[in-house]
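All residue numbers in this chain count up from 1 along the given sequence.
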Amino acid sequence: MQDSIEYKLREQGYKITEQRKIIIEAFVKTKNHLLSAEKVYDWIKDHGQRIDLSTIYRNIEIMLNIGVLKKISLDNHVDQYKLSVTNEHHHHIVCVSCGKSEIFKDCPVLPIEKNLIDKLGFTPIEHKLEILGYCKKCTWKSRD
């Protein structure tokens with residue numbers, strides 16, 4: 001997966017610096033979890049590297065623009081990011097405790113969109129659905 005992200009960056013004219021490789025690695029190694037820029041910074045620091053937070057933010061923005069990351073905004077007002085591993089229409093379930101996220105492909109919004117088109121003449125171009133809650137592991141932890 002890291003290779004395909006690097007390929008997309010090169011394809012868009014970006015150099016593959018050591019800093020970019022490390023930032024990409026943070027997302028690849030934690031691919032089922034949401035990461036804020038600060039969590040990426042902490043992951044990098046925990047793995048013996050140092051990259052300025054501003055560099056992390058700049059690279060996250062680049063990766064958002066080329067479509068390899070997806071931004072998910074939670075209620076805590078801290079933007080979180082995850083790898084965008086598929087171009088298929090999908091949604092996310094997100095654990096608000098540990099940050100684990102999973103994709104689900106069943107879309108309950110499509111019938112609503114059809115209704116908007118048929119009854120109001122409104123043509124939706126995009127929608128996002130994120131269901132927030134607790135994963136199995138965190139639900140069991142809270143019972144202890």
Handout entry: Check against side-chain contact (heavy atoms from CB on, under 4.5 Å), Q80 and K39
Key = CA-CA 9 Å; Q80 308 272 334; K39 285 182 184 176; 4.0 Å; yes
Practice task
Please test V96 against Y134 for side-chain contact (heavy atoms from CB on, under 4.5 Å), starting from the C-alpha separation and ending with a verdict.
Solution key: CA-CA 6 Å; V96 295; Y134 296 97; 3.6 Å; yes
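Between F27 and Y81, the ring planes are perpendicular. Angles over 60° get that label, and only those under 30° would be called parallel.
Under the 3.5 Å distance criterion, the side-chain polar atoms of N65 are matched with a main-chain donor or acceptor of E61. Counting only distance, with no hydrogens or angles, the side chain of Q2 and the backbone of K21 share a donor-acceptor pair below 3.5 Å. At least one donor-acceptor pair under 3.5 Å links the side chain of R20 to the backbone N or O of K15.
Across A26 and L35, no two heavy atoms sit closer than the pair O-CD1, 3.8 Å. The two residues K70 and L64 have their closest heavy-atom pair at C-CD2, 3.9 Å. Closest approach of A37 to L53, counting heavy atoms only: O-CD1, 3.7 Å. When all heavy atoms of I16 and E6 are compared, the closest pair comes out as CD1-O, 3.5 Å.
In the hydrophobic clustering of this structure, M1 groups with I22; members are Ile, Leu, Val, Met, Phe, Trp, Tyr whose side-chain heavy atoms approach within less than 4.5 Å, directly or through other members.
The side chain to side chain donor-acceptor pair (under 3.5 Å) test with S101 singles out one residue from K82, H33, E130, and that residue is K82.
Counting heavy atoms of neighbouring residues, nucleotides and ligands inside a 6.0 Å radius, atom CZ of F104 exceeds 12 of them.
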